[in-house]
Each structure stands twice: as C-alpha cells, then as structure tokens.
Amino acid sequence: MRRTGALALLSAVAHGTFAAADSLPRGVGPEFAKFYTSKSTFTCIGNPSITLQSSQVNDNSCDCPDGSDEPGTAACSHIDTLSPEQPLPGSITGTTNATNALPGFWCANSGHVGTYIPFMYVNDGVCDHELCCDGSDEFAHVGGVQCEDRCDAIGKEHRRLEEERRQSKERSAKRRRTMVKEARELRRRVEAKVVALKAELEGLEIKKGELQQKYEEVERSERNKVVKVDGQGGKLGILVNLAKARVSELRNALDKLLDQRDDLQDRVEQLEDMLGKLKEEYNPNFNDEGVKAAVKGWEDYAASRLGEKKSELADGDIMEMIKEDGETSGVNWAEFENSDASDVDVVYNWEAYLPRPVNDFIRGQMDVLRAWAIDNGILADNRSGAGESRLVTAAREALDAAKNDISSKTSSLEDQQRDLEKHYGPDDIFRALKDKCVSSHVGEYEYELCWMDRTTQKSKKGHGNTSMGNFVRIDKELADEEERADGKSLGKGERMVLRYENGQGCWNGPNRKTDVWLACAETEELWRVSESEKCVYKMEVGTPAACEDVQEPGVRTKDEL
C-alpha cells in the first residue's frame, strides 16, 4: 500500500470531561472532545475570538485559521504538517503561516488501537487499513471505494504480537537479573581473591625475612667448616680453581693485546711509507711551509728510530706463553685437580687408611663418627655434592622459592586489581559475558565478537583472521532506526556502544575499529555487520545486558518504602 513510510500519530491520554462518542463530530479525538460539546456554536480552538455556527463544523470549508472546525474532512489539510505550504486566503505572507490545532483525523479503530492519521489521507480514495483499520477515513466513498472494518482481525494480531513482545521483555529482564547476580558473584570472587592475595603476601614477606636471616646465619656458620668438593681437595682445590681462572683471564687479555699491537704496527708502517715517499718526491724549491714541516718531522722521527733497541721478547716466546695449559705447555692443572688424596679426602675417608681386615668392622663405626663430626661442626654435610653444605643449599633454595612465590602472587594481585578497576557497564553486567563470544556469517566472512576482548573477521576460504579491534571503552549514542517485524533492530533512543579500536591496519588506510551497538534481546546474538566507512565497522548485537533495569515482580526498592 502507498505511503507505507507514513506513521500514525498515537493517541494521547484523555484529559478533562469527555463527551459521548456518538455526540462528537467525525474525526474528533477524545482529548479534544471538550471543545465540541456545544450544540449551537463552535469556538476556534487556537483563535477563541472566532465563533462559528455548529453547522459549520465538518462542512468541508476551512473557516478557522487553525483548521479546528474541520476535524473530519480534508478541507484544512493544506495546513497539515505533512503537506507542503499553500496560499491561504487573506494571509499577508501568501502562505499557510499557521499550525493545525488538531494532530490529525481520529480513527477510533474499535477492537484495536485508536490513532490519528494526516488530514490529507481523508477521502483520498485509498483504504489505509494499516493506519485506520475501521475504514472511517473513507466515509465519502470517493470513486466508489468502500473500506471494510478490519479492526477485529488486525487488533487480534496486534494483541498477539504485543503479548509476545511483553513476554519476551519479561524473559529478557529475567535473564538480565540473572546476569547481574552472576556479575555480582564474579566481582565478589575477585574481591575475595584480592583480600586473600594481600594476606598471603604479608605472610610471605614475613617468611622471606625469616628465611633471609636463617640463610645468612647458616652460611656464616658453615663458612669455616671443612668442605669436600668432587674433583678437588679442600682449600688447595679451591686455590687451584681460582688460580686456573686467573691465568686463563690473563692469557685471554694478552692475546687481545697482541692483536691490537699488530694492528698498530700495520698502521705505523703505512704512515712511514707515505712520509718516506713524500720526502723523496717533494720539490724542495716549492715554497710550501706545511710540506717542509712534514718532511722535517719525518727526518727527526727517522733519526730517533736509529738508536731504538729491539724488543728482547720474541713473538715466538709470547705465542708459547698464550698456549692452552696442558701436559706439554704451561701448567698441568690436572696434577693438582686429580690428586689421589687431599687434606679433605683424608678427613672424609679415614677408613681408607685402616688395615683391610678391620675395615668391615670399623666402617659402621666410622659412619657414626662422621655423623658426630657433622653434628659438632667439624665437617660440613655436603652430601648434595654442590660444593656447599647441604644446609646452606637448603636455606638458599627455600629463600629463592619464597622470593619466586612473592613475585608470582604480586603479579596475580596486580591483575585482579586492574580487573576491579575496569568498567564493565551498568551493574557490572558485562562481567557475566567476559570471555564469551558470538558470531555471524555474512557473505564470505564470519564475524565474531568476543565481549570485552576483541572483534574478528574470519575468511571462510581459509585466508586467516583479521583483527577488527580490541575493546577500549563503553559509550552511549542515540539510535534512530525503524522497528523491524522480527524485533532485531536498534530502534530509537539512547543505546550502549562498545568501542573496539587498534585492530589490524587496512591497506593504505587506518587501523580497523568496530562500534558494537547493543539492543535488548533475550539472548546474545550478532544481527548485522556493516562497514560505515573504510575500515570502520558497525555491529548490531542483541543481548539482555542492554535491556532496561526492570525490578523483579514483588521486589520493593528503597524508593518504594
């Protein structure tokens, strides 16, 4: 039907005293009934100084400047807000220059919902059942058109849809209440974890201090005990290792100095060669003081080199010095490292020096003696073989474990505190959706929204995924869309918008970003995806999180007390 884009003006709540419906002129809405109660005269609503005879109401002649005398005809449609401006007789400006006092022609629509329609639709020969289901707008039967009353059927369908919407709204509100409870419980868990982590960290700090003190005490106590280390004997073995490391360090330094000396000698030879050629080839008659000074300097330098003594240390001797230590050069450290017996070995292996016949008998007694020596601080208990006593090793490992535990729990505490500071929307509602995703197939792509995380474009042809943005913040914007029959639309009014930014860069363009517009729905569902401009996407998503905060039936709030 034509004019499908035109909307009916909804009826207002009646005010004042209403006259009986059958006594009102055609087209008068209930809230204007009080102006049409007189049987003899009519006063123009917007121009009280003009009084007409009752017979002039709906006589198809526009007598009131505001058109209030023609509520049931199209005579005053020229001042309808939906009509173009037209010349008005007697108007100084030559235009309507007036406002209709009435919102339109009233269709009672018995059995359905009463509504106003524009005056220009009255008796235009078209049945506008979607606006005026009772057909009263075509009372004159222009062109033989007769519009039947379809209000019963239309009203029944309307009430069915309204009931479905009402039930859907109740289910959505119930789901939202459940999500709020979930979000509240999740936040409580995070808060409890923060409290627990703080308490644990306080205890760990105290424990770390105690372990640090214990480690220092054990290390100090064990420092002067005789220690047996595999492959070396007591203090001599330690000294051998230190000397070996020092010799290796000096040998490496000497090797580097030889390389530097050779580089410097090469440079000196190159400079001497250049100055020698300059002295031989320059023209003494050419009056250049700079050249003469350079030649004189070379002669003095060459003369000083004549009395210079050669180095008594030959390169061969130096190369012999920097050879690796071993059996044929330098120090044979193995003789010291692999000694059959050391000062400590003697202490740790007393039974090796006893006669063989008594070894079996004495061995058990020696174990008791060794334990006694360890308990009395004579020997260090280094059965771990790590070069330090077992007690020092255990104390150090315990201290390191406490430090690592503190570091791990500190990091976890910071993560939980950042989570508490993050904005999750009204009532923390999006906390219940965190780490959940919804997706939809559009063309050759699958689009995915992960709440409070990211938006992604996935190719169905296996060409990989494209980041469309990472969650940044929650904003609000006004939506202005027509309601859809399936209910999957943003509608009109203020809506929450989730901003996802800093996605993958476009070719010769900015980084992708996505504006996620939310509308009330029973479940989370990605309805539509569009690209409003290059690399800027718009997702329309339904979710109970976007529904109004409706209180559960029977629950009283503080404001109601």
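Predicted, not measured: the structure shown is a model, and the values here were computed from it.
Scanning all heavy atoms of the two residues, the minimum distance from Ser54 to Ser38 falls at OG-O, 3.8 Å. Heavy-atom minimum distance, Met452 versus Ile474: CE-CD1, 4.4 Å. Here the closest non-hydrogen pair linking Ala183 and Asp428 is CB-O, 3.0 Å. Shown here for Leu433 and Trp451, the closest heavy-atom pair between the two residues is O-CB, 3.4 Å. Residues Pro48 and Thr51 come closest through the heavy atom pair O-OG1, 4.3 Å. Scanning all heavy atoms of the two residues, the minimum distance from Asn502 to Asn470 falls at O-ND2, 3.4 Å.
Of the possible polar contacts, one joining the Arg495 side chain to the Leu490 backbone as a donor-acceptor pair under 3.5 Å is found. At distances below 3.5 Å, not a single donor-acceptor pair connects side-chain atoms of Asp427 with backbone N or O atoms of Val180. Side chain of Ser408 to backbone of Asn404: no donor-acceptor contact under 3.5 angstrom is found. No donor-acceptor pair closer than 3.5 Å links the side chain of Arg512 to the backbone N or O of Gly469. Judged by distance alone, the side chain of Asp66 and the main-chain N or O of Ala101 form no donor-acceptor pair under 3.5 Å. One N or O on the side chain of Thr543 and one on the backbone of Ala545 form a donor-acceptor pair closer than 3.5 Å. With Ser412 contributing its side chain and Lys409 its backbone, the two residues share no donor-acceptor pair below 3.5 Å.
The closest side-chain donor-acceptor pair between Asp400 and Tyr215, if any, does not fall under 3.5 angstrom. In the model, Ser61 has a side-chain atom that pairs as donor or acceptor with a side-chain atom of Asp63 under 3.5 Å. For the residue pair Gln457/Tyr447, the side-chain donor-acceptor check at 3.5 Å is satisfied. Under the 3.5 Å distance criterion, with hydrogens and angles disregarded, a donor-acceptor pair is assigned to the side chains of Glu216 and Gln212. Thr73 and Glu70 are linked by a side-chain donor-acceptor pair at a separation below 3.5 angstrom, with hydrogens and angles left out of the test. Checking Ser489 against Glu481 by side-chain atom types alone, no donor-acceptor pair falls below 3.5 Å. Asp134 and Ser136 form a side-chain donor-acceptor contact under 3.5 Å, judged by distance and modelled atom types alone. For the residue pair Ser168/Glu522, the side-chain donor-acceptor check at 3.5 Å is satisfied.
Geometric assessment of Arg454 against the ring of Phe471 yields a negative cation-pi assignment under the 6.0 Å and 45° thresholds.
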Steps toward side chain to side chain contact (heavy atoms under 4.5 Å, CB included) verdict (Val194, Leu413):
CA-CA 6 Å; Val194 167; Leu413 175 61; 3.8 Å; yes
Does Lys538 form a side chain to side chain contact (heavy atoms under 4.5 Å, CB included) with Val529? I'd like the steps, not just the answer.
CA-CA 6 Å; Lys538 178 181 180 181; Val529 181; over 6 Å; no
One pair to check against side chain to side chain contact (heavy atoms under 4.5 Å, CB included): Lys476 and Val497. What are the steps and the verdict?
CA-CA 5 Å; Lys476 287 190 175 181; Val497 182; over 6 Å; no
Could you walk me through whether Glu162 and Arg165 pass salt bridge (charged side-chain N to carboxylate O under 4.0 Å, His left out), step by step?
CA-CA 5 Å; Glu162 283 298 306; Arg165 293 191 186 100; 2.8 Å; yes
From CA spacing to verdict: side chain to side chain contact (heavy atoms under 4.5 Å, CB included), Arg189, Glu185
CA-CA 6 Å; Arg189 292 179 187 177; Glu185 173 61 20; 3.2 Å; yes
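Within a 6.0 Å radius of NZ in Lys156, other residues, nucleotides and ligands contribute 12 heavy atoms or fewer. Other residues, nucleotides and ligands contribute at most 12 non-hydrogen atoms within 6.0 Å of the NZ atom of Lys198.
Using a cutoff of 4.0 Å between basic side-chain nitrogens and carboxylate oxygens, Asp453 and Lys434 are not scored as salt-bridged. Between Glu164 and Arg160 there is a salt bridge, since at least one side-chain N of the basic residue sits less than 4.0 Å from a carboxylate O of the acidic one.
Residues Trp106 and Pro30 form a side-chain contact, since some pair of their non-hydrogen atoms from C-beta on lies under 4.5 Å apart.
Between Phe105 and Tyr116, the distance from one ring center to the other does not fall under 6.0 angstrom.
For the cysteine pair Cys62 and Cys76, the distance separating the two SG atoms is below 2.5 Å. By the SG-distance test at 2.5 Å, a disulfide connects Cys133 to Cys151.
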